[in-house]
Amino acid sequence: MAAPSESSESAVRRRRVDTIQAGSGLPDSKEPHDEDREETKHREASGCALQTGTYWLTRIVLLRATAFIYFVAFAVAYQQNSQLIGERGLMPCQAYLQSVKTYVGGKIGPAALAYTPSILWFTDWTAMDSNLAAIALLGMLLSGLVLLSGTANMLIMGTLWVLYHSLVSVGQLWYSFGWESQLLETGFLAIFLVPVWSLSRVPRRCPPSLISIWTFRWLIVRIMLGAGLIKIRGDQCWRDLTCMDYHYETQPVPNPLSYYLHRSPWWFHRFEVVSNHVVELLLPLCTFLGRRLRLLNGGAQILFQVMLIISGNLSFLNWLTIVPSLACFDDASLGFLFGSKGGVRKAVLEIQAEGREGRTPKPTRGMLVRRVVNVSLGVLIGYLSVPVVMNLLSSKQVMNTSFDPLRIVNTYGAFGSITKERTEVIFQGTLGPDPKDPAAVWEEYQFVCKPGDVRRRPCLVSPYHYRLDWLMWFAAFQTYEQSEWVIHIAGRLMANDTTVLSLLDHNPFQGRENPRWVRGEHFRYKFTAPGSASAVQGKWWLRKRIGAYFPAVNLEGLRGYFQSRKWPHPHDPTRRE
């Protein structure tokens with residue numbers, strides 16, 4: 001960055017001193033000297049400060065943030081897909097694809113792709129684990145490159161979107177979370193943020209489209225309004241300001257800070273709910289009220305998501321919600337993220353200087369075509385937003401719903417109702433021959449993150465996502481008839497199935513004889529009070545048995561149950577009868 005020379009600054013100071021000595025007083029601020037005017041022009045031309053209203057740096061930040069979420073999501077897929085939807089997974093995706101193929105007439109064509117858009121249709125189904133791993137690894141590679149470089153083109157971002165869409169489409173229950181659609185929508189918008197081919201971080205002939213920036217802004221508005229409205233319409237505790245009395249203890253996967261925040265004073269919990277309503281229902285409207293209020297909204301949304309991140313393990317949801325919030329900021333507000341001597345900042349300053357001087361490049365045919373594409377994107381998002389807006393305005397609002405098969409524009413929401421008590425399903429196994437024998441010793445399996453052992457400290461894993469742990473939270477306030485996959489897990493545990501056991505933290509029968517019986521016990525969990533006798537003993541939780549979640553079962557007894565659901569029977573011939 002160029003700076004005024006020392007001699008010119010000294011000359012200006014000497015002239016000011018001479019003026020004062022001549023008795024003319026201070027320089028007239030309304031009529032600066034020609035030298036002062038020239039110095040001002042020189043500083044502007046040299047680019048001492050970034051202008052408002054351009055989004056070159058915003059694009060780089062948006063790309064890196066989106067790539068980070070993609071990388072986490074593909075990493076989760078790589079580590080868990082084979083156990084969940086692989087060849088020996090709890091819900092094999094090849095069986096799902098076959099059922100869809102049968103449903104649409106037995107052909108892999110437009111109908112099948114419309115119902116389940118996935119490139120897995122065109123792969124070898126007998127090597128599904130390899131297919132799933134290849135998709136995840138390629139996704140990690142591409143998103144990692146974008147994250148490190150801060151640059152991408154439409155080919156790369158489109159590939160990432162297709163890859164993740166292919167997993168979500170066949171993921172069934174394990175990919176049923178709202179943030180899957182949110183990532184797909186965010187990733188789709190990112191495709192139109194970048195050049196078609198160029199990998200330049202500041203491609204002069206492809207300036208960031210204001211329409212593209214506004215699609216991200218529109219996304220954060222819908223996310224927050226959807227979340228705020230579903231709360232107001234959903235649970236009475238959001239209206240009487242008491243929901244946070246329960247949230248930290250009953251959220252899906254608490255973290256260590258949740259334990260302490262749960263014991264906050266009542267007035268602090270009321271303040272939290274009021275703040276939540278302000279951030280989700282009022283501040284999003286600031287997006288349309290000019291730059292300063294838009295910056296206020298962007299900053300508030302990011303701060304709000306950071307607070308949610310540190311107070312619980314909500315997967316990558318809150319990290320993902322930060323991404324569209326970044327579109328509220330322009331180059332001038334994000335300049336601090338880029339070094340003053342960096343090439344990117346210098347290039348943006350030069351472009352801004354050319355714009356001030358009217359030396360912008362003449363539009364090429366490609367630039368004109370791109371403008372048509374950008375306008376088309378705006379029209380598409382507007383058209384697909386109609387049912388979403390109608391849903392927001394409806395008294396029967398639903399959350400986390402897609403209105404088109406590609407999940408381009410969706411409706412969102414979270415915690416429309418708050419559970420007031422935490423219950424957990426605990427798997428227990430025994431080597432005893434008779435499950436009704438009072439002397440039978442039942443030993444507990446431990447999941448990676450969900451509460452089990454009352455002495456185990458809550459985990460801290462955000463933005464990573466343990467999908468099975470989350471689904472166990474939902475299963476706990478349903479019945480096993482509504483969550484039949486729970487019985488599938490029980491059968492696999494009795495066979496000491498390594499595929500399922502790799503999703504757990506502790507197998508009490510590791511290196512021992514397989515359990516003869518497995519049962520599910522239902523417990524009510526509550527945080528201990530800090531400093532209490534239980535806490536001093538090392539207990540984070542207190543629990544009380546509610547009853548049986550599902551009765552004791554053995555492999556032979558489950559044979560008919562498994563056959564009726566077309567599950568492979570997990571009989572292990574090495575198990576001693």
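Numbers here simply count residues along the sequence, with the first being 1.
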Residues at least two apart in sequence or cross-chain that pass disulfide bond (SG atoms under 2.5 Å apart) with Cys328, listed by chain then number, are none

Backbone of Ser212 reached by a side-chain donor or acceptor of Thr215 within 3.5 Å:
yes

Can any side-chain N or O of Arg201 pair as donor or acceptor with the backbone N or O of Ser149 at less than 3.5 Å?
yes

Between the main-chain N or O of Val170 and the side-chain N or O of Gln172, is there a donor-acceptor pair closer than 3.5 Å?
yes

Return a table of donor-acceptor pairs under 3.5 angstrom between the side chains of residues 99-108 and protein atoms on other chains or two or more places apart.
residue	atom	partner	partner atom	Å
Ser99	OG	Tyr96	O	2.6
Thr102	OG1	Gln98	O	3.0

Between atom CZ of Phe288 and atom CZ of Arg217, what is the distance when rounded to the nearest 0.5 Å?
10.0 Å

Cys93: partners by disulfide bond (SG atoms under 2.5 Å apart), with sequence neighbours left out
none

With Asp129, which residues qualify under salt bridge (charged side-chain N to carboxylate O under 4.0 Å, His left out), at least two apart?
none

Counting distance only, does the side-chain N/O of Trp214 pair as donor-acceptor with the main-chain N or O of Gly378 below 3.5 Å?
no

Contact summary for Ser311 and Met307, nearest pair of heavy atoms:
OG-O, 3.0 Å

Show me the donor-acceptor pairs, under 3.5 Å and distance only, between side chains in residues 137-145 and residues at least two apart or in other chains.
residue	atom	partner	partner atom	Å
Ser143	OG	Gly139	O	2.7
Ser143	OG	Met140	O	3.2

Return the set of residues passing disulfide bond (SG atoms under 2.5 Å apart) with Cys206 (not counting sequence neighbours), or none when no residue passes.
none

Just so I know, are the side chains of Ile69 and Thr186 near enough to count as touching, which here means a heavy-atom distance under 4.5 Å?
no

Passes side chain to side chain donor-acceptor pair (under 3.5 Å), Ser333 versus Asp330? Steps please.
CA-CA 6 Å; Ser333 53; Asp330 56 16; 3.0 Å; yes

Nearest heavy-atom contact between Leu392 and Gln397 is CD2-NE2, 4.0 Å

Between Val146 and Ala152 the two heavy atoms that sit nearest each other are CG2-CB, 3.8 Å

side-chain contact (heavy atoms from CB on, under 4.5 Å) between Asn313 and Tyr466: does it pass, once the steps are laid out?
CA-CA 10 Å; Asn313 293 300; Tyr466 287 106; over 6 Å; no

Report yes if the side chains of Leu199 and Ile156 come closer than 4.5 Å at any heavy-atom pair, otherwise no.
yes

Atom OH of residue position Tyr464 - does it have more than 12 heavy atoms of other residues, nucleotides or ligands inside 6.0 Å?
yes

Can you name the closest pair of heavy atoms from Tyr55 and Gly53 and give their distance?
CE1-O, 3.5 Å

Nearest 0.5 Å, please: how far is CG in Leu334 from CG in Leu295?
9.0 Å

Please report the C-alpha distance between Trp174 and Leu468 in whole Å, then the side-chain angles of each, then the deciding distance to 0.1 Å, and finally whether the side-chain contact (heavy atoms from CB on, under 4.5 Å) criterion is met.
CA-CA 8 Å; Trp174 310 107; Leu468 178 57; 3.8 Å; yes

Verdict with reasoning, Ser402 to Asn410, per side chain to side chain donor-acceptor pair (under 3.5 Å):
CA-CA 5 Å; Ser402 300; Asn410 313 290; 2.8 Å; yes

Checking Arg407 now: which residues fulfil salt bridge (charged side-chain N to carboxylate O under 4.0 Å, His left out) with it, not counting sequence neighbours?
none

Walk me through whether Leu380 and Phe188 qualify under side-chain contact (heavy atoms from CB on, under 4.5 Å).
CA-CA 12 Å; Leu380 175 65; Phe188 180 81; 4.2 Å; yes

Less than 4.5 Å apart, any side-chain heavy atom of Trp485 and any of Leu471?
yes

Atom CD1 of Ile223 and atom OG1 of Thr321: how far apart are they, to the nearest 0.5 Å?
5.0 Å

Would you kindly say whether Arg467 and Gln80 are connected by a side-chain donor-acceptor distance under 3.5 Å?
no

Quick check against the 3.5 Å criterion: does Ser118 have a side-chain atom that pairs as donor or acceptor with the backbone of Trp121?
no

Going by salt bridge (charged side-chain N to carboxylate O under 4.0 Å, His left out), name the residues that satisfy it together with Arg205, two or more places apart in sequence or in a different chain.
none

Side chain Asn374, main chain Ile211, donor-acceptor under 3.5 Å:
no

Are any non-hydrogen side-chain atoms of Arg370 and Val196 less than 4.5 angstrom apart?
yes

Got a second to check how far Ile408's CD1 is from Ser385's OG, nearest 0.5 Å?
11.0 Å

Which residue pairs pass the side chain to side chain donor-acceptor pair (under 3.5 Å) test when at least one of the two sits in residues 297-309, sequence neighbours left out?
Thr287-Asn297, Asn297-Gln301, Gln305-Asn318

Aromatic rings Trp470 and Phe474: how do their planes relate, parallel, tilted or perpendicular, breaks at 30° and 60°?
tilted

Residue pairs passing the side chain to side chain donor-acceptor pair (under 3.5 Å) test with at least one member in residues 57-69, sequence neighbours excluded, are none

Could you report the tightest heavy-atom contact between Thr116 and Ser169, atom names first, then the distance?
CG2-O, 3.5 Å

Reported CZ-to-CG distance for the pair Phe338 and Leu349, which is rounded to 0.5 angstrom:
12.0 Å

Could you tell me if the side chain of Ile119 sits less than 4.5 Å from the side chain of Leu163, heavy atoms only?
yes

Side chain to side chain, Leu132 and Leu120, heavy atoms closer than 4.5 Å:
yes

Over 12 non-hydrogen atoms of neighbours within 6.0 angstrom of CZ in Arg365
no

Do the side chain of Thr54 and the main chain of Trp56 share a donor and acceptor less than 3.5 angstrom apart?
no

Output yes when a side-chain donor or acceptor of Thr411 lies under 3.5 Å from a complementary backbone atom of Val388, and no otherwise.
no

With sequence neighbours left out, what residues match Leu281 under side chain to side chain contact (heavy atoms under 4.5 Å, CB included)?
Leu229, Ile232, His277

Flag yes if more than 12 heavy atoms outside Met390 fall under 6.0 Å of its CE atom; otherwise flag no.
no

For the residue pair Trp161 and Gly187, what are the closest heavy atoms and their distance?
CD1-C, 4.0 Å

CZ of Phe403 to CG of Leu384: how many Å apart, nearest 0.5 Å?
11.0 Å

Is any side-chain heavy atom of Trp473 closer than 4.5 Å to one of Val253?
no

Side chain Ser176, main chain Leu173, donor-acceptor under 3.5 Å
yes

Using a 3.5 Å distance criterion without hydrogens, assess whether the side chain of Asn131 forms a donor-acceptor pair with backbone atoms of Ala127.
yes

Taking the side chain as everything from C-beta on, heavy atoms only, tell me whether Leu84 gets closer than 4.5 Å to Leu503.
yes

Not counting sequence neighbours, which residues clear salt bridge (charged side-chain N to carboxylate O under 4.0 Å, His left out) with Arg222? List them please.
Glu185

